[in-house]
Amino acid sequence: MKTKEQIASQEVQSDSIKISGAEAVIRCLLAEGVDLIYGYPGGAIMPVYDELYKFQDKLNHILTRHEQGATHAAQGYARTSGKVGVAIATSGPGATNLVTGIADAQIDSTPMVCITGQVGSHLLGSDAFQETDIIGISTPVTKWNYQITKASEIPEIFAKAFYIARSGRPGPVLIDITKDAQFDTFDFTYKKCKGVRSYKPVSPLDTHAVTQAAELINQAKKPFIVWGQGVILGSAEEEFKAFVEKSGIPAAWTILGLSALPTAHPLNVGMVGMHGNYGPNLLTNECDLLIAVGMRFDDRVTGNLETYAKQAKIIHFEIDPAEINKNVSVDVPVLGDCKESLQALIPLVQKKSHDQWLGRFDELMKVEVTEVIDKDLRPEKEGLTMGEVIVSINKHTKGDAVLVTDVGQHQMVACRYTEFARSRSNVTSGGLGTMGFALPAALGAKMGTPEREVVAVIGDGGYQMTIQELGTIFQTQTAVKIVVLNNEFLGMVRQWQQLFFDKRYASTEMVNPDFVAIAKGYYLDAQKVDKRENLDAAVAEMIASDKPYFLEVCVEKEDNVFPMIPTGASVSDIRLK
């Protein structure tokens with residue numbers, strides 16, 4: 001038997017060595033450049049954890065307090081680092097607890113590899129203790145999944161999993177490994193995957209489509225760009241900025257695209273969607289050309305499809321062929337990696353300014369400032385608003401922090417008012433809208449970019465869904481700054497109940513615990529603010545700390561988030577109050 005020291009000294013290699021399936025799992029991870037994983041041990045994955053112990057000088061395992069926390073932490077890590085996040089769990093409930101995070105990663109295109117243990121292959125289908133068909137369960141929410149029943153399959157499947165997870169439109173992959181496959185030995189070699197038959201992650205660039213797009217852009221009088229996360233996933237921020245500046249076209253973002261272009265950029269006109277800015281939503285239905293870059297025309301962006309941008313020609317830069325014409329019919333689809341597509345487009349685009357058209361956005365922003373923003377940021381009411389808290393965070397982070405948000409009113413307010421100077425700075429649950437996302441995701445985000453300040457802004461409802469991850473933050477001493485905006489309501493649901501259900505607040509009022517006492521129970525520095533005059537000093541103290549820090553801010557109980565497009569309404573029906 002090899003000693004721990006002998007094993008630790010062995011480098012991952014292509015030469016054949018006889019090892020167990022469990023050791024092969026670790027060597028595959030190291031070969032793919034993984035140095036950090038999140039997980040929770042159990043019986044069916046114990047052989048892999050035994051090998052983790054032996055390789056702990058090369059592979060750091062973070063013990064989360066729940067398997068869902070492991071997936072969200074892996075997501076946060078992937079979103080800030082640009083690497084593949086990795087989560088690991090045992091069979092049965094351990095595996096099913098991963099599913100929410102996997103589904104979240106699938107819809108938000110986050111590269112992740114999840115590894116689950118499984119009962120012995122001879123027990124499959126027998127309803128053995130902690131047996132669950134995780135392959136069947138996870139099939140609809142993974143980019144690919146596979147059950148390993150023989151140790152010899154491990155290298156090829158892991159190589160394929162990482163390739164699929166990170167290539168093209170990224171996404172989550174799940175590998176389920178029976179316990180006997182972890183124990184069995186075989187001759188191990190590892191070769192990275194460079195392609196999978198019938199899987200074409202990126203379409204070849206269609207130069208004719210790029211030329212058509214350039215012609216429409218050069219002819220347009222009132223063009224409008226909407227960009228999404230594809231710009232970030234494609235590492236195309238510089239190309240996108242060059243395109244925007246050369247074309248002179250006003251550009252707006254989806255919440256997952258936020259931070260790809262600095263907030264202060266003069267052609268950045270704000271957010272589209274249900275709680276987006278007034279001008280970008282209204283003028284979607286006035287532009288003569290809509291240029292969508294790396295976004296998927298989600299229903300929260302488009303509102304009623306029957307009335308969405310019907311007057312405009314539409315160009316769609318998109319990596320995933322399944323998204324073309326799925327929700328919105330387009331005139332010029334430009335399939336492929338947006339970095340490559342934009343590089344080809346920029347020389348064909350005429351340098352222009354659209355001052356009069358841009359002025360329309362400025363006019364409508366002035367309306368929004370008077371009707372909404374001034375009330376959010378300079379309120380006359382006694383209680384604190386969520387917007388005030390975000391402004392204070394901006395002041396002390398100077399646009400350089402990573403913002404991690406949960407789901408609800410605070411999410412929309414934070415996305416609207418946070419200032420960003422760098423890309424990969426906004427981490428949120430966009431498509432699935434997962435309450436409980438932010439706390440573990442912030443842990444992962446900080447580990448993915450330890451040199452940056454990471455601030456989690458969370459509502460009192462979502463916070464309590466994964467509050468146990470305070471234990472992980474304490475144990476790892478990860479310097480996450482946690483801000484809970486406490487309005488003692490499930491705020492977004494309450495807002496809908498107020499506006500559309502005659503104020504019948506059914507099951508939305510929260511009776512909350514002493515959040516500060518709970519944070520201090522986890523040995524975290526913590527304080528509570530309920531007066532405006534104390535807010536700025538408290539935020540300053542939090543940001544100045546080099547340790548994890550918890551700040552509870554009591555905000556107005558029944559504040560609403562505006563503008564708002566009611567469900568099923570047109571973007572033209574956006575409400576300011």
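Values below: every heavy atom of this structure, side chains too, minus hydrogens, waters and symmetry copies.
- If you take OG1 on Thr139 and CG on Asn145, they are separated by 4.0 Å, rounding to the nearest 0.5 Å.
- Between Val427 and Gly76, the closest heavy-atom pair is CG1-CA, 4.4 Å.
- Partner of Thr428 under the side chain to side chain donor-acceptor pair (under 3.5 Å) criterion, out of Thr434, Asp406, Thr405: Thr405 alone.
- Contact of the His72 side chain with the Tyr38 side chain is not registered, since no non-hydrogen atoms from C-beta on lie closer than 4.5 Å.
- Residues Phe474 and Pro548 are not in side-chain contact: their nearest non-hydrogen atoms beyond the backbone lie 4.5 Å or more apart.
- No donor-acceptor pair closer than 3.5 Å links the side chain of His66 to the backbone N or O of Gln468.
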CA sep, side-chain torsions, deciding dist, call: Lys557, Glu509, salt bridge (charged side-chain N to carboxylate O under 4.0 Å, His left out): CA-CA 10 Å; Lys557 287 190 68 170; Glu509 189 164 9; 3.1 Å; yes
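- With respect to the salt-bridge test (charged N to carboxylate O, under 4.0 angstrom), the residues Lys160 and Glu156 do not qualify.
- Defined by atom type and a distance below 3.5 Å, a donor-acceptor pair is present between the side-chain atoms of Ser423 and Glu237.
- Considering OG of Ser392 and OH of Tyr417, their distance stands at 15.5 Å, rounded to 0.5 Å.
- Atom CZ of Arg424 is separated from atom CZ of Arg79 by 9.0 Å, given to the nearest 0.5 angstrom.
- Of the residues listed (Gln229, Arg169, Arg296), the one engaging Ser109 in a side chain to side chain donor-acceptor pair (under 3.5 Å) is Arg169, and it is the only one.
- Listed for the Arg452 side chain is no donor-acceptor partner under 3.5 Å among the backbone atoms of Lys446.
- Between Gln409 and Phe489, the closest side-chain pair of non-hydrogen atoms is not below 4.5 Å.
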From CA spacing to verdict: side chain to side chain contact (heavy atoms under 4.5 Å, CB included), Asn60, Asp35: CA-CA 6 Å; Asn60 186 18; Asp35 57 10; over 6 Å; no
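- Listed here is the closest heavy atom pair of Val141 and Ile102: O-CG2, 3.2 Å.
- More than 12 heavy atoms of other residues, nucleotides or ligands lie within 6.0 Å of NZ in Lys339, so this atom counts as buried by the packing criterion.
- A centroid separation of 6.0 Å or more is found between the aromatic rings of Tyr522 and Phe550.
- Summarising the local packing, CD of Gln477 is surrounded by more than 12 heavy atoms from other residues, nucleotides or ligands at distances under 6.0 Å.
- In this structure, the side chain of Gln182 engages the main chain of Ile177 through a donor-acceptor pair within 3.5 Å.
- For the pair Val48 and Ile115, the minimum side-chain heavy-atom distance is 4.5 Å or more.
- The number of heavy-atom neighbours closer than 6.0 Å to CD of Glu533, taken from other residues, nucleotides and ligands shown, is above 12.
- For the pair Trp144 and Ile157, the minimum side-chain heavy-atom distance is below 4.5 Å.
- For the atom pair CD (Glu469) and OG1 (Thr478), the distance works out to 11.0 Å, reported to the nearest 0.5 Å.
- The closest side-chain heavy-atom distance from Leu439 to Ile482 is below 4.5 Å.
- In this structure, the side chain of Ser81 does not engage the main chain of Gly448 through any donor-acceptor pair within 3.5 Å.
- The nearest pair of heavy atoms linking Thr116 to Leu98 is CG2-CD1, 3.5 Å.
- Using a distance-only test at 3.5 Å, with no hydrogens or angles considered, no donor-acceptor pair links the side chain of Asp108 to the main chain of Ser429.
- To the nearest 0.5 Å, the span separating CG on Leu485 from CD1 on Ile390 amounts to 6.0 Å.
- Taking both residues in full, the closest heavy atoms of Arg166 and Pro170 are given as O-CG, 4.4 Å, listed atom of the first, atom of the second, then distance.
- Panel note: side chain Trp253, backbone Gly270; a donor-acceptor pair is recorded below 3.5 Å.
- The backbone N or O of Met46 sits nowhere less than 3.5 Å from a side-chain atom of Asp50 that would complete a donor-acceptor pair.
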Chi angles and distances behind the side chain to side chain contact (heavy atoms under 4.5 Å, CB included) call for Glu32, Phe158: CA-CA 9 Å; Glu32 291 292 342; Phe158 268 75; over 6 Å; no
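- In this structure, Val119 and Lys179 have side chains that are not in contact, with every pair of non-hydrogen atoms separated by 4.5 Å or more.
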Step-by-step salt bridge (charged side-chain N to carboxylate O under 4.0 Å, His left out) determination, Glu51 to Lys54: CA-CA 5 Å; Glu51 294 298 331; Lys54 300 170 188 175; 3.2 Å; yes
Stepwise side chain to side chain donor-acceptor pair (under 3.5 Å) check, Gln130 with Thr132: CA-CA 6 Å; Gln130 291 192 334; Thr132 298; over 6 Å; no
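- Scanning all heavy atoms of the two residues, the minimum distance from Thr71 to Met112 falls at O-SD, 3.7 Å.
- Not a single donor-acceptor pair under 3.5 Å links the side chain of Tyr190 to the backbone N or O of Ala24.
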Asp400 vs Glu453, side chain to side chain contact (heavy atoms under 4.5 Å, CB included): CA-CA, chis, key distance, verdict: CA-CA 7 Å; Asp400 194 49; Glu453 197 73 68; over 6 Å; no
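- In this structure, the side chain of Ser91 does not engage the main chain of Glu131 through any donor-acceptor pair within 3.5 Å.
- Counting non-hydrogen atoms of other residues, nucleotides and ligands closer than 6.0 Å to NZ of Lys528 gives a total of 12 or fewer.
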Test log, rule side chain to side chain contact (heavy atoms under 4.5 Å, CB included), inputs Met465 and Phe437: CA-CA 9 Å; Met465 289 191 171; Phe437 171 87; over 6 Å; no
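- Checking side-chain atoms of Asn487 against main-chain N and O of Val555 turns up no donor-acceptor pair under 3.5 Å.
- A 4.5 Å side-chain heavy-atom check between Lys192 and Phe162 finds every atom pair outside the cut-off.
- Closest approach of Ala445 and Thr80 over heavy atoms only: O-OG1, 3.1 Å.
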Residue pair Gln464, Asn512: steps toward the side chain to side chain donor-acceptor pair (under 3.5 Å) verdict: CA-CA 9 Å; Gln464 294 179 82; Asn512 288 322; 2.8 Å; yes
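- Interatomic distance, CG of Asn426 versus CG of Leu256, reported as 7.5 Å (0.5 Å rounding).
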